[in-house]
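Read the structure below first, then the notes.
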Amino acid sequence: MKRFFVSTLVLLALACKEKPKTSLTVQEIVDKSILDSGGKHYINHNTSFFFRNRQYISESSNGEKVLKRISFLDSITITDVKTTSSFKRYVNDTLVSLSDSIANRYSNSVNSVHYFTRLPFGLNDKAVKKELLGEEIIKGKNHYKVKVTFAQNGGGDDFDDVYVYWFNKKTFKPSYLAYDFHVNGGGQRFREAYNERYVNGIRFVDYNNFKSKSKETSILDIAQLFEKGELELLSKIEILELEVTPN
């Protein structure tokens with residue numbers, strides 16, 4: 001009887017032990033992705049690259065992140081500078097006055113290129129709202145499927161856009177992303193990452209940029225259209241002359 005009682009206690013103790021964790025939260029997936037893609041290097045390194053004949057520079061000044069875009073037009077150099085609180089445009093080192101609407105449009109354009117180049121780092125910004133939709137197989141590989149939306153406060157002018165990211169389940173790297181947008185008539189884009197390389201600890205990729213043929217397609221189903229070859233290749237997004245240096 002005593003032996004039976006002891007055995008029962010052992011079984012109860014084993015049953016009460018916390019079950020091993022078999023799934024990850026969306027925050028854990030994004031954190032792992034950021035760590036594997038650059039981690040602290042995103043914060044303590046400056047970057048410079050060319051995209052569509054313009055130079056983009058990300059650097060720190062007095063503890064604040066500064067994003068730049070430099071355009072070269074014959075004898076004219078246009079430098080756009082975005083900080084957390086301001087946007088300024090210089091033409092040949094002379095500050096020019098811009099209306100609020102124009103400044104805001106240029107600021108969003110500069111931020112967009114830097115944002116996509118530094119992914120997945122921006123996915124932990126305060127305005128980002130993340131939701132794990134499950135898993136999806138693309139080109140024979142399993143991916144975590146994550147929906148991203150933005151809070152109106154701090155989410156920018158396009159806070160109502162919807163993004164979807166597919167993180168490789170083994171490497172946690174974002175292999176694909178898609179988004180719908182409402183400006184300029186609206187539409188959808190699906191991007192396939194390729195040409196992965198690490199420069200001084202930070203992961204960079206180029207993209208095949210596809211568009212859906214119908215605006216009625218749900219952005220959540222767009223990967224299935226990609227698998228079926230039903231998306232149209234719109235452009236290639238390539239970043240060139242990459243330089244990454246410590247702050």
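Keep in mind it's a predicted model, so treat the numbers as computed, not measured.
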Please determine whether the number of non-hydrogen atoms from other residues, nucleotides or ligands lying under 6.0 Å from atom [atom1] of [X] exceeds 12.
| X | atom1 | result |
| --- | --- | --- |
| N92 | CG | yes |
| K141 | NZ | no |
| E243 | CD | no |
| K32 | NZ | no |
| N247 | CG | yes |

Between [X] and [Y], is any pair of side-chain heavy atoms under 4.5 Å apart?
| X | Y | answer |
| --- | --- | --- |
| E131 | T149 | no |
| L123 | L119 | yes |
| F167 | V146 | yes |
| E136 | K145 | yes |
| I239 | T117 | yes |
| L35 | F172 | no |
| I78 | D80 | yes |
| E59 | T47 | no |

Counting only N and O atoms by type, is there a donor-acceptor contact under 3.5 Å from the side chain of [X] to the main-chain atoms of [Y]?
| X | Y | answer |
| --- | --- | --- |
| D125 | V128 | no |
| K213 | E232 | no |
| Q55 | S48 | no |
| S37 | S33 | yes |
| N209 | S235 | no |
| E64 | S61 | no |
| T83 | S86 | yes |
| E227 | I138 | no |
| H45 | I202 | no |
| N195 | V205 | no |

Minimum heavy-atom separation for [X] to [Y], with atom names?
| X | Y | result |
| --- | --- | --- |
| N142 | E135 | ND2-OE1, 2.8 Å |
| S58 | L67 | OG-CD2, 3.7 Å |
| S23 | E28 | O-OE1, 4.4 Å |
| I43 | S60 | O-OG, 4.3 Å |
| N46 | P246 | ND2-O, 4.0 Å |
| F87 | A103 | CD2-O, 3.7 Å |

Sole residue of F190, Y176, F181, Y179 in ring-ring contact (aromatic ring centres under 6.0 Å, His included) with Y163: Y179
ring-ring contact (aromatic ring centres under 6.0 Å, His included) assessment of F226 paired with F210: CA-CA 9 Å; F226 173 72; F210 297 86; 5.4 Å; yes
Are [X] and [Y] connected in the hydrophobic side-chain network, where two residues link if heavy atoms are under 4.5 Å apart?
| X | Y | value |
| --- | --- | --- |
| V110 | F51 | no |
| V91 | V81 | no |
| L98 | I70 | no |
| V113 | Y115 | yes |
| V244 | I34 | yes |

Give a yes/no verdict on a cation-pi contact between [X] and [Y], requiring under 6.0 Å between NZ or CZ and the six-membered ring centre and an angle within 45° of the axis.
| X | Y | value |
| --- | --- | --- |
| R89 | Y106 | yes |
| R191 | F116 | yes |
| K65 | Y42 | no |
| R203 | Y198 | no |

Worked check of side-chain contact (heavy atoms from CB on, under 4.5 Å) between K147 and K129: CA-CA 8 Å; K147 177 183 176 182; K129 297 187 289 185; over 6 Å; no
Output field: ring centroids Y56/F50 closer than 6.0 Å: no
To the nearest 0.5 Å, how far apart are [atom1] in [X] and [atom2] in [Y]?
| X | Y | atom1 | atom2 | result |
| --- | --- | --- | --- | --- |
| L233 | E192 | CG | CD | 9.0 Å |
| L234 | K211 | CG | NZ | 5.5 Å |
| I29 | L24 | CD1 | CG | 5.5 Å |
| I222 | W166 | CD1 | CH2 | 7.0 Å |
| K130 | T25 | NZ | OG1 | 9.5 Å |
| L220 | D180 | CG | CG | 8.5 Å |

Candidate pair R69 and T79, rule side chain to side chain donor-acceptor pair (under 3.5 Å), full reasoning: CA-CA 6 Å; R69 177 179 65 187; T79 303; over 6 Å; no
Steps toward side-chain contact (heavy atoms from CB on, under 4.5 Å) verdict (L231, S212): CA-CA 5 Å; L231 298 181; S212 59; 4.0 Å; yes
CA sep, side-chain torsions, deciding dist, call: L95, K88, side-chain contact (heavy atoms from CB on, under 4.5 Å): CA-CA 7 Å; L95 180 65; K88 296 179 180 179; 3.8 Å; yes
Verdict with reasoning, K173 to E196, per salt bridge (charged side-chain N to carboxylate O under 4.0 Å, His left out): CA-CA 10 Å; K173 297 173 184 178; E196 176 188 276; 3.2 Å; yes
Intermediate values then yes/no, side-chain contact (heavy atoms from CB on, under 4.5 Å), K68 and Y90: CA-CA 11 Å; K68 296 180 180 180; Y90 298 87; over 6 Å; no
